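Here is the structure we will look at, set down as structure tokens.
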Amino acid sequence: MAGVDLTFACDCNTVRGALIGVSPHNGNRVDCYCHDCRAAEVYAGQPDPAPDPVGIFQYKPDKVRIDAGQDQLAVFSFSDKGVLRWQARCCGAPLFNTLRSPKIAFVGIRTDRVSDATALGPVVSRAFVRKANGKRGHDGLRHALFNFASNAITARLTGRWKQTPFFDAATGEPVSKVHVVSAAERAALVLPDVQPPQA
Ligand SMILES: [Zn+2]
Ligand SMILES: [Zn+2]
């Protein structure tokens, strides 16, 4: 199914580009209610999104085109093995999440950064919502995982994983030095206890 190209930009429009060939069938729209996604917003100088989720579209790194401001991509993580959280250095805007290795081809782009979020389709999964037993769990995750895994495996088999704006494919290193937020810094981010919605 032919998709559409959707532009994205940071707040000050220095970092901008496009997601190529997007359709609701080749990515996953996920709402995440986890503490780390909230903390990442606050760390990046944004308001705490709670009780609303952080909206993410899980997509293919080789279909992310950065047209301007590549040198303004900064990246931090809450641990030395954790998810990489990419933001625009210019204005702080959170933009993407990736894993640590380019070989697992995956990118999550912030839903609210794209020009027309309706083109991403409906939310297919809600992560870290409250289950009937009171614990945190996920809705619709099986669909999202299947899509993610088939995208990543195809990228690996075809060598497409090497096409990514986030890593140097030769070294596997991120294009910007990762700032690992210390446990003390992370703990200092004030996050009021807000219950996620019930699944
Ligand atoms: Zn999260
Ligand atoms: Zn900016």
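Nothing fancy with the numbering, it's 1 onward along the sequence. Small disclaimer: the values here were computed from a predicted structure and weren't measured. Counting convention: from 1, in listed order, for ligands and their atoms alike.
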Just by distance, do the side chain of S125 and the backbone of D139 share a donor-acceptor pair under 3.5 Å? yes

Within the side chain of N26, is there an N or O that forms a donor-acceptor pair under 3.5 Å with the backbone of G21? yes

Has R89 got a side-chain atom pairing as donor or acceptor with D71's backbone, closer than 3.5 angstrom? yes

Under 2.8 Å from the Zn ion (ligand 1), how many protein N, O or S atoms can be found? 3

Residues passing the ring pair (Phe, Tyr, Trp, His ring centres under 6.0 Å) test with F8, sequence neighbours excluded, are F96

Criterion side-chain contact (heavy atoms from CB on, under 4.5 Å) against R136, the qualifying member of K131, R130, H35: H35

Cation over ring, R186 on F78, under 6.0 Å and within 45°? yes

Distance below 2.8 Å from the Zn ion (ligand 2): protein N/O/S atoms: C10 SG, C12 SG, C90 SG, C91 SG

N/O donor-acceptor pair under 3.5 Å between Q87 side chain and L73 backbone: no

Hey, mind stepping through R65 and D67 against salt bridge (Lys or Arg N to Asp or Glu O under 4.0 Å) and telling me if it holds? CA-CA 6 Å; R65 194 184 72 215; D67 292 325; 2.7 Å; yes

Going by the rule side chain to side chain contact (heavy atoms under 4.5 Å, CB included), which residues pair with K162 if we only count those two or more places apart in sequence or in a different chain? A169

